[in-house]
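Read the structure below first, then the notes.
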Amino acid sequence: MLDFRTMRQELAETYDLAPNPDLAEEMNDTYAKMSRVVTPPDWATAAPYVAAINRLKKEKNAVILAHNYMTPDIYHGVADFMGDSLQLAIKATEVEADIIVQGGVHFMAETSKILNPSKTVLIPDMEAGCSLANSIGAAGIAAMREKYPGAPVVTYVNTTAEEKAASDICCTSSNAAAIVRAMESDTVIMTPDQYLAQNVARQVPEKNIVWWNGSCVVHESFTAQDLRDYRKWNPETTIITHPECPTDVVDESDFSGSTSGIINYVREHKPAQALLVTECSMASNISDELPEVDFVGPCNMCPFMKKITLEKILWSLHAGGEEVHVDEAVADKARVAVQRMIDLSRDLGI
Ligand code: 13P
Ligand code: SF4
């Protein structure tokens, strides 16, 4: 657990972290990517952290892999690579730097460690979990196998290394339907997200898909009625969902896709108004890039993703914490499931 007092004291003694409007002005190119969602005073506060992190990355030969749910100061200020879960996993295999700092949640850092074990992988807050990870456990997967003998287990990457190790292959929201379709068996076990499984079942009706009852605390909170209300308010609103949403919510949308799929859809279609039915930072991160799009809707935040802050990233690089370790035997098995997903996705052109 982070000791905030010690962290803040040591950071203040080592770096000049006072709000700095002059430095903020010097870093205007970076600010221009978030100026519609971050106020100048907030940027003056963030700029010293951004500068210190970027300096430390060079000194320590580190890279930051950031998920699309990171806040704009992280996403535009310090990330070396941004993407969805599949893109981050693929990128992790290619990292040559000594240190990977994961701007994301723990299962993403574990995946980086599994795929590139010789690197030091740091997660700025160990408590950045996920409501899906550890919701089934290896024992739950074994129970599913017993119930559906011979059926392959396709496990969402939003899981622990142990859960991946107990699976045949992983999937992400960007390749789940294609992976399930590619399985030889008629019956396929999908774990642990019931809604992703149900959404895939609609896309792949030729398979008998059975699922675990896990869910994402962020995406399960949207309702179909919410979306119908938005449509009634403005029938022109383009509604875009993430497939972790319940099926009746996805049914109300114009498009459903992974976080990068959502970003690409908005980039391509440039709707006059868009409701992104997913985590709040998604719209913030592309708001300056797409000023013609009016992003509307509630700000539903992932409490786990939001544990990652500039301050904790700086501390992580400064103090070398918190390092992610995965038991070697578990990592070896988990790597097979993740690598199978990466290889199959590449073969399928995803
Ligand atoms: P993506 O793979 O679409 O980025 O999703 C990850 C996630 O955690 C969504 O809640
Ligand atoms: Fe997990 Fe949901 Fe947060 Fe994604 S948004 S990390 S699925 S809790």
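Atoms considered below: every heavy atom in the structure, side chains included; atoms not considered: hydrogens, waters and symmetry mates. Read the numbers this way: they start at 1 and go in the same order the structure lists the ligands and their atoms.
Ligand 2 places these atoms under 4.0 Å from at least one heavy atom of Asn158: 7 (S). The distance from ligand 1 to the heavy atoms of Ser258 drops below 4.0 Å at these ligand atoms: 3 (O). Every atom of ligand 1 is numbered from 1 in the order shown, and the set under 4.0 Å from a heavy atom of His219 is 10 (O). Ligand 1 places these atoms under 4.0 Å from at least one heavy atom of Asp84: 1 (P), 2 (O), 4 (O).
Not close to ligand 1: Gln87, with no non-hydrogen atom less than 4.0 angstrom away. The closest approach between Glu279 and ligand 1 stays at or above 4.0 Å for every heavy atom of the residue. For Glu244, the closest heavy-atom approach to ligand 2 falls below 4.0 Å.
If you check which protein heavy atom lies closest to atom 1 (Fe) of ligand 2, you get Cys130 SG, 2.4 Å. In this structure, the protein non-hydrogen atom closest to atom 2 (Fe) of ligand 2 is Cys216 SG, 2.3 Å. When only non-hydrogen protein atoms are considered, atom 7 (C) of ligand 1 lies nearest to Glu244 OE2, 3.6 Å. Here the heavy atom of the protein found nearest to atom 5 (O) of ligand 1 is His242 NE2, 3.3 Å. Protein heavy atom closest to atom 8 (O) of ligand 1, with residue, atom name and distance, is Asn158 ND2, 3.2 Å. For atom 6 (C) of ligand 1, the nearest protein heavy atom (residue, atom name, distance) is Ser85 OG, 3.3 Å.
Evaluated for a salt bridge (Lys or Arg N to Asp or Glu O under 4.0 Å) with Asp80, the options Lys57, Lys91, Lys58 yield exactly one hit, Lys57.
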Would you check, one step at a time, whether the test salt bridge (Lys or Arg N to Asp or Glu O under 4.0 Å) holds for Asp332 with Arg335? CA-CA 5 Å; Asp332 287 347; Arg335 191 175 308 113; 2.9 Å; yes
Go through Asp229 and Lys232 one step at a time and tell me if the salt bridge (Lys or Arg N to Asp or Glu O under 4.0 Å) criterion holds. CA-CA 5 Å; Asp229 290 344; Lys232 203 167 151 200; over 6 Å; no
With side-chain contact (heavy atoms from CB on, under 4.5 Å) as the test, would you mind laying out the steps for Met70 and Ser281 before giving the verdict? CA-CA 6 Å; Met70 290 293 98; Ser281 289; over 6 Å; no
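Remark: Cys216 SG to Cys130 SG, distance not under 2.5 Å.
Contact annotation: Cys302 places an N, O or S atom under 2.8 Å from atom 3 (Fe) of ligand 2.
Using a 4.5 Å heavy-atom cutoff, the side chains of Glu279 and Lys306 are in contact. Side-chain contact between Thr172 and Ser258 is absent, with no heavy atoms from C-beta onward closer than 4.5 Å. Thr241 has its side chain within reach of Leu227: a pair of non-hydrogen atoms, C-beta onward, lies under 4.5 Å apart.
Nearest residue to atom 1 (P) of ligand 1 from Ala89, Ser173, Gly83 is Ser173 (criterion: closest heavy atom). Looking at Thr278, Asp193, Thr259, it is Thr259 that brings a heavy atom closest to atom 4 (O) of ligand 1.
Between Tyr31 and Trp43, the ring planes are parallel. Angles under 30° get that label, and only those over 60° would be called perpendicular.
By the 3.5 Å distance cut-off applied to N or O atoms, Tyr69 is counted among the residues near ligand 1.
Of the charged side-chain nitrogens involved, at least one lies within less than 4.0 Å of a carboxylate oxygen, so that Asp254 and Arg231 count as a salt-bridged pair.
Ring centroids of Phe255 and His269 are separated by 6.0 Å or more, keeping the two rings apart.
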